[in-house]
Student: 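Right, I'll just put the structure down here and ask away after.
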Amino acid sequence: MSKIAPTNDRLLRALRREPVDATPVWLMRQAGRYLPEYRATRARAGSFLAMAKTPELACEVTLQPLARFDLDAAILFSDILTVPDAMGLGLYFVDGEGPKFERPIRSVADVDKLFVPDMAGELRYVMDAVSLIRKELDGRVPLIGFSGSPWTLACYMVEGGGSENYSKVKAMLLNEPAAMHRLLDITTDAVIAYLSAQRAAGAQVLQVFDTWGGVLAPHHYREFSLRYLSRIAQELPRGDGGDRTPLILFGKGNAPYLPELADSGAEALGVDWLISLEDARRCTAGKVALQGNLDPAMLYGSPDSIRNEVLRTLGSYARGGDGTHTGHVFNLGHGLSPDMDPEHVRVLVDAVHEFSAQHMFA
């Protein structure tokens with residue numbers, strides 16, 4: 001894979017905490033159901049999984065938002081549950097209910113059957129998609145690869161799908177802590193191998209989604225989530241110097257742990273909207289870049305209100321440091337929703353570039 005820097009390298013520079021001409025922006029779920037072209041591709045594919053497991057279709061939907069918006073990165077179209085699916089749990093989707101597993105982890109014996117998947121076998125379709133997307137991007141913007149965090153994957157693996165109270169996974173955590181740690185160790189090994197393979201295939205930035213870390217009590221978060229996020233940050237090979245591949249750790253509800261996450265070895269932290277960027281920047285003391293953190297619901301507002309919220313978010317980051325936007329990647333605090341207006345997304349993206357380029361941090 002070519003090491004030529006992308007024409008637009010704002011994201012890579014921001015993650016290295018270098019000066020940029022404008023704050024880079026990309027959005028979680030930027031390739032998604034809010035786009036009519038995405039819905040058309042999904043209808044043609046027949047199912048979400050068929051789209052995700054066909055490299056040409058995954059490439060097509062990855063590039064769709066870049067054709068509409070002046071985004072500073074592409075993110076691989078895939079799903080965080082590809083790894084447990086490749087572990088043999090049998091991923092499937094139910095309309096209106098989300099992802100489910102045919103064979104969830106419910107016992108110590110189930111944990112003992114887990115294995116690290118073959119990245120060139122069960123997960124080759126992901127690497128083929130990464131390679132194809134890099135080729136089609138032709139150096140326009142960087143490509144982000146990703147994985148779910150070990151804890152978040154464990155939640156789905158044990159619950160068998162989404163959950164309201166996480167009763168099964170928390171019961172295992174309490175009643176079989178050794179088995180839970182074995183599950184998390186194997187899953188961490190798999191995540192490290194998965195991200196390494198994406199990097200080898202061409203991903204230039206890597207993100208770990210710890211979507212459900214915030215459901216844990218503080219002592220359990222540190223033992224069952226932070227511990228494994230730190231392992232990833234420390235053990236994932238990423239290169240050195242200017243060729244180093246940045247790692248972003250994103251977590252919903254991670255505000256209380258930002259100082260500890262900043263010491264994990266990751267290059268950047270993604271934060272949700274429950275902490276101001278001003279406070280996040282101060283408590284991480286310049287150790288990492290920060291990504292975020294507009295509440296996605298702000299996109300239901302008028303274009304003028306969206307612009308005001310963008311300006312407020314940029315200003316919050318600037319006030320937390322030296323008054324500049326160095327080290328900031330603009331994003332939402334979570335993903336775009338299917339009923340959002342694409343034109344409102346355009347307003348957001350353009351406002352980020354306009355206001356940050358003008359240093360308008362009111």
Student: Indicate whether any N or O donor in one side chain lies under 3.5 Å from an N or O acceptor in the other, for T313 and N293.
Tutor: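 Note: T313 and N293 side chains miss the donor-acceptor criterion.
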
Student: Answer yes or no: are there more than 12 heavy-atom neighbours, outside R33 itself, under 6.0 Å from its atom CZ?
Tutor: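 No, not enclosed.
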
Student: Could you go through Q198 and S147, starting from their C-alpha distance and side-chain angles, then the distance that decides it, and tell me whether this counts as side chain to side chain donor-acceptor pair (under 3.5 Å)?
Tutor: CA-CA 10 Å; Q198 289 185 46; S147 173; over 6 Å; no

Student: Under the side-chain contact (heavy atoms from CB on, under 4.5 Å) test, which residues partner M298, sequence neighbours left out?
Tutor: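 By the side-chain contact (heavy atoms from CB on, under 4.5 Å) rule, M298 matches L294, D295, E309.
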
Student: Do R134 side-chain atoms and G202 backbone N/O form a donor-acceptor pair below 3.5 Å?
Tutor: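 Yes, because the side chain of R134 sits within donor-acceptor range (under 3.5 Å) of the backbone of G202.
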
Student: Quick one: closest heavy-atom pair of S264 and S230, and the distance?
Tutor: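 Between these two residues, the closest heavy atoms are CB-OG, 3.8 Å.
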
Student: Please list, chain by chain and in numerical order, all residues satisfying ring pair (Phe, Tyr, Trp, His ring centres under 6.0 Å) with F115, sequence neighbours excluded.
Tutor: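 Checked F115 against ring pair (Phe, Tyr, Trp, His ring centres under 6.0 Å); zero matches.
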
Student: Could you tell me which residues satisfy side-chain contact (heavy atoms from CB on, under 4.5 Å) with S305, sequence neighbours excluded, listed by chain and number?
Tutor: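 Here the qualifying residues are S302.
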
Student: So does D350 pair up with R307, basic N to acidic O under 4.0 Å?
Tutor: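 Salt bridge flag = no for R307 with D350.
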
Student: Do the ring centers of Y166 and W212 come within less than 6.0 Å of each other?
Tutor: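 Yes, ring centres under 6.0 Å apart.
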
Student: Enumerate the salt bridge (charged side-chain N to carboxylate O under 4.0 Å, His left out) contacts for residues 160-181, please, sequence neighbours excluded, ordered by first and then second residue.
Tutor: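 Found none.
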
Student: Yes or no on side-chain contact (heavy atoms from CB on, under 4.5 Å) for E267 and R238, after CA distance, side-chain angles and deciding distance?
Tutor: CA-CA 11 Å; E267 282 71 31; R238 305 201 289 287; 3.2 Å; yes

Student: Counting only N and O atoms by type, is there a donor-acceptor contact under 3.5 Å from the side chain of S356 to the main-chain atoms of V352?
Tutor: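 Pair found, side chain donor or acceptor close to backbone of V352.
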
Student: Identify, with sequence neighbours excluded, every residue that meets ring pair (Phe, Tyr, Trp, His ring centres under 6.0 Å) alongside F224.
Tutor: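 Checked F224 against ring pair (Phe, Tyr, Trp, His ring centres under 6.0 Å); matches are H181, H220.
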
Student: Which residue pairs satisfy the salt bridge (charged side-chain N to carboxylate O under 4.0 Å, His left out) criterion with at least one member in residues 321-340, sequence neighbours excluded?
Tutor: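 Residue pairs passing salt bridge (charged side-chain N to carboxylate O under 4.0 Å, His left out), neighbours aside: R281-D322.
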
Student: Strictly below 4.0 Å, N to O, side chains only: are K53 and D85 in salt-bridge contact?
Tutor: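 Salt bridge flag = yes for D85 with K53.
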
Student: Using modelled atom types and a 3.5 Å cut-off, is there a donor and acceptor pairing between side-chain atoms of R17 and backbone atoms of G286?
Tutor: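 Yes, because the side chain of R17 sits within donor-acceptor range (under 3.5 Å) of the backbone of G286.
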
Student: Is it true that the side chains of T245 and R199 contain a donor and an acceptor less than 3.5 Å apart?
Tutor: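 Their side chains do contain a donor-acceptor pair, which is all the 3.5 Å distance test asks for.
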
Student: Is any NZ, NE, NH1 or NH2 atom of the basic residue among E278 and R312 found under 4.0 Å from an Asp or Glu carboxylate oxygen of the other?
Tutor: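 No, no charged N to carboxylate O under 4.0 Å.
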
Student: Please check: side-chain N/O of S47 versus main-chain N/O of A50, any donor-acceptor pairing under 3.5 Å?
Tutor: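 Answer holds: yes.
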
Student: Could you grab the distance from atom OG1 of T82 to atom CG of L49, nearest 0.5 Å is fine?
Tutor: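 T82 atom OG1 to L49 atom CG measures 10.0 Å (nearest 0.5 Å).
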
Student: Hey, does the side chain of R103 reach the backbone of G88 with a donor-acceptor pair shorter than 3.5 angstrom?
Tutor: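 Checked: pair present.
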
Student: Under 3.5 Å, side chain of N175 to main-chain N/O of A171, donor-acceptor pair present?
Tutor: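 Yes; at least one donor-acceptor contact below 3.5 Å.
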
Student: If you count every heavy atom of other residues, nucleotides or ligands that lies below 6.0 Å from D240 atom CG, does the total exceed 12?
Tutor: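 Count not over threshold, so no.
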
Student: Could you pull out all residues at least two apart from F146 that satisfy ring pair (Phe, Tyr, Trp, His ring centres under 6.0 Å)?
Tutor: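 F209.
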
Student: What pair of heavy atoms forms the shortest contact from L15 to A268, and how long is it?
Tutor: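 It is CD2-CB, 3.6 Å.
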
Student: Which atom pairs, donor and acceptor, lie under 3.5 Å between side-chain atoms of residues 340-348 and protein residues at least two apart or in another chain?
Tutor:
residue : atom : partner : partner atom : Å
D341    : OD1  : E343    : N            : 2.8
E343    : OE1  : R346    : NE           : 3.1
E343    : OE2  : R346    : NH2          : 3.4
H344    : ND1  : L299    : O            : 2.8
H344    : ND1  : G301    : O            : 3.1
R346    : NH1  : R68     : O            : 2.8

Student: Quick one: do T152 and S149 satisfy side chain to side chain donor-acceptor pair (under 3.5 Å)? Show the steps, please.
Tutor: CA-CA 5 Å; T152 293; S149 73; 3.1 Å; yes

Student: Check step by step if side-chain contact (heavy atoms from CB on, under 4.5 Å) holds for N331 and M28.
Tutor: CA-CA 7 Å; N331 209 316; M28 288 181 278; 4.0 Å; yes

Student: So which atom in Y194 and which in S78 form the shortest heavy-atom distance, rounded to 0.1 Å?
Tutor: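 The answer is OH-OG, 4.0 Å.
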
Student: Should we count CZ of R106 as having more than 12 external heavy atoms under 6.0 Å?
Tutor: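 Buried by this count: over 12 neighbours within 6.0 Å.
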
Student: Is it the case that the side chain of S225 and the backbone of G213 share a donor-acceptor pair, with hydrogens and angles ignored and the cut-off at 3.5 Å?
Tutor: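 Checked: no pair found.
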
Student: Which pair of non-hydrogen atoms, one from P117 and one from V83, has the smallest distance, and what is that distance?
Tutor: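 Smallest interatomic distance, heavy atoms only, reads CG-O, 3.9 Å.
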
Student: For the side chain to side chain contact (heavy atoms under 4.5 Å, CB included) test, which of I144, L137, L143 pairs with V141?
Tutor: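 Result for side chain to side chain contact (heavy atoms under 4.5 Å, CB included) with V141: L137.
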
Student: Name all residues meeting the side chain to side chain donor-acceptor pair (under 3.5 Å) criterion together with D110; count only those two or more places apart in sequence or in a different chain, and write none if there are none.
Tutor: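 Result, side chain to side chain donor-acceptor pair (under 3.5 Å) vs D110: S107.
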
Student: Checking E60 against R44 for the salt bridge (Lys or Arg N to Asp or Glu O under 4.0 Å) test, could you report, in this order, the C-alpha distance in whole Å, the side-chain angles of both residues, the deciding distance, and whether it holds?
Tutor: CA-CA 12 Å; E60 180 179 320; R44 193 170 78 247; 2.8 Å; yes

Student: Do any pairs count as a salt bridge (charged side-chain N to carboxylate O under 4.0 Å, His left out) and have a residue in residues 250-260, sequence neighbours left out, and if so which ones?
Tutor: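 Residue pairs passing salt bridge (charged side-chain N to carboxylate O under 4.0 Å, His left out), neighbours aside: R222-E260.
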
Student: So which residues get pulled into V94's cluster when ILVMFWY side chains under 4.5 Å apart are joined, directly or through others?
Tutor: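 Its cluster partners, ordered by chain and number, are Y92.
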
Student: Stepwise, does the side-chain contact (heavy atoms from CB on, under 4.5 Å) test hold for T187 with M87?
Tutor: CA-CA 9 Å; T187 305; M87 289 175 158; 4.2 Å; yes

Student: Side-chain polar contacts of residues 69-77 - donor-acceptor pairs under 3.5 angstrom, sequence neighbours left out - could you list them?
Tutor:
residue : atom : partner : partner atom : Å
D70     : OD2  : H353    : ND1          : 3.4
D72     : OD1  : N8      : ND2          : 2.7
D72     : OD1  : R10     : NH1          : 3.0
D72     : OD2  : V25     : N            : 2.8
D72     : OD2  : H353    : NE2          : 2.6

Student: Start with the C-alpha gap between L247 and V208, add the side-chain angles, then the distance that decides, and say whether side-chain contact (heavy atoms from CB on, under 4.5 Å) holds.
Tutor: CA-CA 8 Å; L247 173 67; V208 174; 4.0 Å; yes

Student: Set out, in order, the CA-CA distance, both residues' side-chain angles and the distance that settles salt bridge (Lys or Arg N to Asp or Glu O under 4.0 Å) for D279 and R319, then state yes or no.
Tutor: CA-CA 9 Å; D279 290 341; R319 288 191 299 274; over 6 Å; no

Student: For the residue pair I133 and A58, what are the closest heavy atoms and their distance?
Tutor: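 Shortest heavy-atom separation between I133 and A58 comes out as CD1-O, 4.4 Å.
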
Student: Any idea which heavy atoms bring Y125 and P55 closest together, and the distance?
Tutor: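 Shortest heavy-atom contact: O-CG, 3.7 Å.
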
Student: Can you find a side-chain donor-acceptor pair between Q291 and Q207 that sits under 3.5 Å?
Tutor: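 Yes, a side-chain donor-acceptor pair sits under 3.5 Å.
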
Student: Looking at CZ of R282 and OG of S276, how far apart are the two atoms once the value is rounded to the nearest 0.5 Å?
Tutor: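 Here the rounded value is 7.5 Å.
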
